2 protein chains.
Amino acid sequence: MNIQLDDRRKALIEKLGIANEEKGFQPVAGRILGLLYVSPRPELTFDEIRESLNISKSATSTALNLLMHMGRVDYTTFSGDRKRYFRIKLGNWREVIQEEMEHMVKISYVLQEVLEVRKADNTANFNCNIEEFTSFLQFLYKDFPSLLQRWEKSRGKE
Amino acid sequence: MNIQLDDRRKALIEKLGIANEEKGFQPVAGRILGLLYVSPRPELTFDEIRESLNISKSATSTALNLLMHMGRVDYTTFSGDRKRYFRIKLGNWREVIQEEMEHMVKISYVLQEVLEVRKADNTANFNCNIEEFTSFLQFLYKDFPSLLQRWEKSRGKE
DNA sequence: ATTTTGGTTCTCAAAAGTTGGAACTAACAG
DNA sequence: CTGTTAGTTCCAACTTTTGAGAACCAAAAT
């Protein structure tokens with residue numbers, strides 16, 4: 001019933017788990033993502049996840065629901081089988097990055113407010129740095145589709 | 001002795017504080033960054049920071065040292081004045097973004113390890129998504145200087 | 001109708017993270 | 001020397017996060 005994971009995969013789960021924690025996921029959610037990345041079979045049941053990671057049902061349930069809510073995990077079912085087969089959503093990495101950029105652009109709007117408040121203050125150089133930063137963030141956001149295109153082009157060549 | 005902050009600035013400190021917390025800073029550190037963004041005078045003393053935010057000396061000290069360690073804040077001094085004048089480092093936003101990209105690229109290397117471990121597994125489509133993602137992250141990283149150039153060019157035109 | 005399966009939800013305890021307060025230190029001032 | 005300033009460090013309290021355990025529930029199986 002338990003997934004067979006060699007030491008290399010176990011080590012990668014930890015690495016990915018930590019990387020995901022740094023990205024803001026709670027520990028169990030980070031491990032689950034890691035597991036779903038390296039699992040030989042990419043679709044795992046609730047209990048396979050729970051057993052592979054030695055975590056409780058509640059932790060498994062909460063984390064899986066969080067990950068599904070965030071659009072990072074989904075599941076399939078098979079008729080005649082009540083279990084859900086959870087899998088990491090990798091196909092949507094473009095949207096995931098897009099969302100991160102949206103977050104950055106939101107911050108840039110706050111910085112624009114800062115800039116407005118600072119107009120009266122006699123701190124031209126300081127303000128200029130803020131302006132540059134917001135301008136770049138917004139450029140990056142707007143330029144993202146073209147960035148994707150350039151990436152696709154760059155792959156074609158090789 | 002206390003910095004004069006109108007309601008607009010106070011509100012912005014909170015917004016920036018929350019945004020910075022989301023970025024992984026501890027609350028006090030996030031507020032300090034917010035304060036240093038909106039303060040009419042961009043260089044504040046330890047006690048001005050402490051009083052403006054109503055926080056203890058220990059919290060102020062810990063957070064400032066953290067922020068300095070992370071390269072987000074530094075200070076000047078003036079001869080004949082023992083105080084340090086702390087200020088947010090805005091001039092280095094290029095490096096800050098660069099570092100974030102370095103972090104992403106590190107993750108992409110872990111994903112390449114994943115890919116290697118998965119080669120044996122018969123999951124071509126899954127692996128392909130991982131490969132695309134790592135490839136894009138590495139492209140983004142390598143392309144960053146050119147991205148900056150394109151941004152600079154785009155400003156010249158307007 | 002009762003049991004089993006595949007989860008969900010609630011409660012609580014342990015662990016981490018955050019902050020305040022007081023004691024401390026180093027440098028300078030008088 | 002003694003006092004003051006500008007911070008630092010240590011410790012304890014408080015808050016938040018996290019995850020286990022048990023009770024729970026709905027659908028399917030027997």
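Keep in mind that this is a model prediction, so the values were computed, not measured. Lettering follows sequence order; numbering is per chain, from 1.
No engagement by B:Asp81 is indicated, since no non-hydrogen atom pair under 4.0 Å with the nucleic acid exists. Within 4.0 Å of A:Ile55, counting heavy atoms only, lie sugar-phosphate atoms of the nucleic acid but no base atom.
Between A:Tyr75 atom OH and C:dG6 atom P there is a gap of 15 Å when expressed in whole angstrom units. Going from atom CD of B:Glu21 over to atom C1' of C:dG17 covers 12 Å, rounded to whole Å. Atoms CG (A:Leu67) and C1' (C:dT8) sit 16 Å apart, rounded to a whole Å. The separation between A:Lys57 atom NZ and C:dT4 atom P is 14 Å, rounded to whole Å. Between B:Glu43 atom CD and D:dA6 atom C1' the separation is 17 Å, expressed in whole Å. To the nearest angstrom, P of D:dA27 lies 19 Å from NZ of A:Lys83. When rounded to the nearest whole Å, the span between CG of B:Leu66 and P of D:dG7 equals 17 Å. Rounded to an integer number of Å, the gap from CG of B:Asn20 to P of C:dT18 is 14 Å.
Note on A:Lys23 versus A:Glu100: salt bridge recorded, some NZ/NE/NH1/NH2 to OD/OE distance being below 4.0 Å. Taking a cutoff of 4.0 Å between a charged side-chain nitrogen and a carboxylate oxygen, A:Glu132 and B:Arg94 qualify as a salt bridge.
Taking the six-membered ring for Trp and thresholds of 30 and 60 degrees, A:Phe46 and A:Phe86 have ring planes inclined between 30 and 60 degrees apart. Note on ring orientation: taking the six-membered ring where Trp is involved, the planes of B:Trp151 and B:Trp93 are perpendicular (angle over 60°, cut-offs 30° and 60°).
Side-chain N/O atoms of A:Ser146 and A:Arg150 include a donor and acceptor closer than 3.5 Å.
Residue-to-nucleotide contacts include a donor-acceptor pair under 3.5 Å from the side chain of B:Ser58 to the base of C:dG20.
In this model, the phosphate group of D:dT18 is approached by a side-chain N or O of A:Gln26 to a distance below 4.0 Å at OP1 or OP2. At D:dT8, one or more side-chain N or O atoms of B:Arg84 fall inside 4.0 Å of OP1 or OP2 (strictly under the cut-off).
Out of C:dT8, D:dG7, D:dG19, the shortest distance to the side chain of A:Pro27 is found at D:dG19.
In this structure, A:Arg82 and A:Thr60 both approach DNA chain D, and ranking their closest nucleotides by distance from the 5' end singles out A:Thr60.
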